[in-house]
Amino acid sequence: MPAPKEFLSFIDNNADAFIKRLADAVAIPSISGDATHRQDVLAMADWLNAQLKQVGVDTQLVDLGRHTMDGEDLPLPPAILGRFGNDSSKKTVLVYGHFDVQPANKSDGWDTDPFTLVIDEKTGQLIGRGSSDDKGPVLGWLNVLQYHHENKLPLPVNLVCCFEGMEESGSEGLDDLVVRESKKGGYFDGVDCVCISDNYWLNTRTPALTYGLRGLSYYKVTVSGPARDLHSGVFGRTVHEPMTDLITVLGTLVDPQGKILIKGVDEMVEEADEEEKAIYAGLDYNIADIEQSAGAAIALSADKVSVLMGRMRYPSLSIHGIEGAFSGAGAKTVIPAKVSGKFSIRLVPPQTPDAVDPIVFKHLENVFATLGTKNKLTVENLHGGKPWVADHRHWNFEAAKRATRAVYKQEPDLTREGGSIPVTLTFAESLGVNVLLLPMGRGDDGAHSTNEKLDRSNFIEGTKLLGTYLYELADIAEK
């Protein structure tokens, strides 16, 4: 069932108003991983809840409790649950998204203020933190609902929404909510399928549907020694230096070609056979795409299949930064008393955080023991999530394929994504239904990076895609 022409025209005619609403959302610096911005995340929850109510959604804010971040006791942002329609003769789809964002400062290398949406009239890019990840897609659903609310039209399906404010920090508190509300009589009882719009096309030209995500284990390795920072002219080569120990330990994790050096991690995953490799060979993707997205010719290989499997099919280990080290302007001759390295491993089936963590901890402790240092080592897992793979032949995916053909006049790529959305597997396991990832943004959006953007065309056509998906979902037969 195609979406009504009136719906498509409504989206086009209201594009400027939708972009203004996105600008209002981007202006709220809802950084979940920074305790100083917790009030902003709470404000974002209130703002989004009010917006949903304005388009006819029956909502409730659900308290998820409290947690400790960087030694500070903080309230977790509430989850927003909502419902639009309650017709027992219709399918019910649960849509998920998040309203928190990654940290961003202009000093990180942004060309503009990250929390002021900049509209580049020449390129059509909407530049701002959260524009693509994930405020744009969340507001896409809102745009769809606005059409139906203002025209007093029912949706072709029942829509249940679940929006959270801690996705960028491990979705703390959400798993328990999903498990609880998925039981008989719970808020999610009766859901037939799930749709998540929180990922990206492989490239800049071909829409995609995603049926797999890597999981994540995020680690913090701390080396401490002196009681305070020391003068290198006085203490250099006279004491064990935490920074030297940490750099040595981090250097044993991964090689320059991306091979994970922690024995037992790569070995958990079976090699791909020729049939599976053929799937990756058929995707509309090439080495130029990844290098364009990265902004430099730095791909690990010229082999497309190898690079794609490195992103989707195999685990990867990335070192993210060092906390406590001198990083300011000038030349400070300091020996830091305490430094923490942060790295993560993206996991694939059958890997899980519970299976990988002991191997990682043992490796770090064994390496540290060989250094002969008198400093102390502490290892923490800050957060993690399991990997997920779904059946892309399910009617939920078939509806999304039809919608993609209708809006973009193209066949979508079927992809497994390199990133992680922790709650995806929780929805799949708790509800026992198919979960679809239906991306709005392009592969060069730069989520988590500087100058994050969402193309105007992707925001507007992506909104049409979300709405059309609901109409195709209503029409398709359950198999």
Side-chain angles (χ1 to χ4, degrees), residues 96 167 170-171 174-175 178-179 182 193-196 198-200 202 208-219 253-254 258-283 285 300 304-318 343-363 381-394 396-397 400 412-439:
Y96 162 88
E167 193 274 344
S171 292
L174 192 66
D175 277 2
V178 172
V179 171
S182 296
C193 59
V194 177
C195 181
I196 296 173
D198 186 24
N199 65 310
Y200 319 94
L202 267 180
L209 307 179
T210 300
Y211 65 96
L213 291 168
R214 292 196 291 190
L216 177 73
S217 274
Y218 197 109
Y219 304 96
L253 300 177
V254 62
K259 178 178 173 57
I260 298 175
L261 301 177
I262 303 172
K263 187 175 181 180
V265 174
D266 271 346
E267 290 80 357
M268 289 182 177
V269 183
E270 291 185 1
E271 293 292 326
D273 59 24
E274 293 305 313
E275 182 180 355
E276 185 178 4
K277 290 179 181 178
I279 296 175
Y280 296 100
L283 294 176
Y285 188 84
L300 287 176
K304 162 186 164 177
V305 172
S306 172
V307 171
L308 271 176
M309 290 198 300
R311 170 174 169 170
M312 303 177 183
R313 173 63 169 70
Y314 291 118
S316 65
L317 189 153
S318 299
F343 70 95
S344 69
I345 302 177
R346 298 286 178 169
L347 309 174
V348 298
Q351 296 170 325
T352 64
D354 286 344
V356 170
D357 284 359
I359 298 173
V360 174
F361 277 54
K362 183 178 180 181
H363 171 87
N381 182 317
L382 298 185
H383 61 83
K386 296 177 183 178
W388 158 82
V389 177
D391 177 11
H392 58 77
R393 294 172 292 273
H394 189 274
N396 191 23
F397 276 82
D413 276 335
L414 290 173
T415 69
R416 288 171 62 173
E417 186 54 81
S420 304
I421 305 174
V423 77
T424 308
L425 186 65
T426 308
F427 279 126
E429 291 181 341
S430 300
L431 288 165
V433 301
N434 182 269
V435 181
L436 157 77
L437 265 65
L438 184 59

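The first residue of the sequence shown is numbered 1, and numbering continues consecutively from there.
Enclosure of atom CD in E267 by more than 12 non-hydrogen atoms of other residues, nucleotides or ligands within 6.0 angstrom is indicated.
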Between Y280 and Y285, does a side chain to side chain contact (heavy atoms under 4.5 Å, CB included) hold up when you go through it step by step?
-> CA-CA 9 Å; Y280 296 100; Y285 188 84; over 6 Å; no
Might you work through the side chain to side chain contact (heavy atoms under 4.5 Å, CB included) test for H383 and L216, ending with a clear yes or no?
-> CA-CA 8 Å; H383 61 83; L216 177 73; 3.5 Å; yes
M268 and V356: CA distance, side-chain angles, deciding distance, side chain to side chain contact (heavy atoms under 4.5 Å, CB included) verdict | CA-CA 9 Å; M268 289 182 177; V356 170; 4.0 Å; yes
Which is it for T424 and I196 under the side chain to side chain contact (heavy atoms under 4.5 Å, CB included) test, yes or no, and what are the steps along the way?
-> CA-CA 8 Å; T424 308; I196 296 173; 3.8 Å; yes
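S217 contributes atom OG, which lies 6.5 Å from atom CD1 of I345 (distance to the nearest 0.5 angstrom). We find the NZ-CG distance between K362 and D357 to be 15.0 Å, quoted to the nearest 0.5 Å. Of the inter-residue distances, the one linking E274 atom CD with E276 atom CD reads 10.5 Å to the nearest 0.5 angstrom. To the nearest 0.5 Å, atoms CG (D354) and NZ (K386) are separated by 7.0 Å. The CD1 atom of I421 sits 4.5 Å away from the CG atom of L437 when rounded to the nearest 0.5 Å. If you take CZ on R346 and OH on Y218, they are separated by 9.5 Å, rounding to the nearest 0.5 Å.
Side-chain rings of Y96 and F427 approach one another, their centers coming within less than 6.0 Å.
At least one side-chain heavy atom of L438 sits under 4.5 Å from a side-chain heavy atom of L209. Side-chain contact check for L436 versus H394: every heavy-atom pair is 4.5 Å or farther apart. By the 4.5 Å heavy-atom criterion applied to side chains, Y314 and V348 are not counted as neighbours. Using a 4.5 Å heavy-atom threshold, the side chains of R416 and I279 count as separate. Inter-residue side-chain proximity for H363 and K263 is flagged as unmet; no heavy-atom pair is nearer than 4.5 Å. Using a 4.5 Å cut-off on side-chain heavy atoms (C-beta onward), D175 and V423 make contact. You'll find the side chain of L253 reaches within 4.5 Å of the side chain of F343, heavy atoms only. Between L308 and L202 there is a side-chain heavy-atom pair separated by less than 4.5 Å.
Pairing each heavy atom of G385 with each of L347, the nearest pair is O-CD1, 4.1 Å. Between N381 and Y219, the closest heavy-atom pair is ND2-CE2, 3.8 Å. Taking both residues in full, the closest heavy atoms of P439 and A208 are given as CD-O, 3.0 Å, listed atom of the first, atom of the second, then distance. Taking all atoms of both residues into account, the shortest heavy-atom contact from D266 to I260 is OD2-N, 3.5 Å. Between G264 and I359, the shortest heavy-atom distance links the atoms O-CD1, 4.0 Å. The shortest non-hydrogen separation linking W388 to V435 is CZ2-O, 3.1 Å.
Formation of a donor-acceptor pair under 3.5 Å by the R214 side chain with backbone atoms of G418 is found in this model. A donor-acceptor pair under 3.5 Å is formed between the side chain of Q351 and the backbone N or O of V265. At least one donor-acceptor pair under 3.5 Å links the side chain of K304 to the backbone N or O of A281. Between the side chain of N434 and the backbone N or O of D391, at least one donor-acceptor pair lies under 3.5 Å.
Counting only N and O atoms by type, the side chains of T210 and T415 include a donor and acceptor under 3.5 Å apart.
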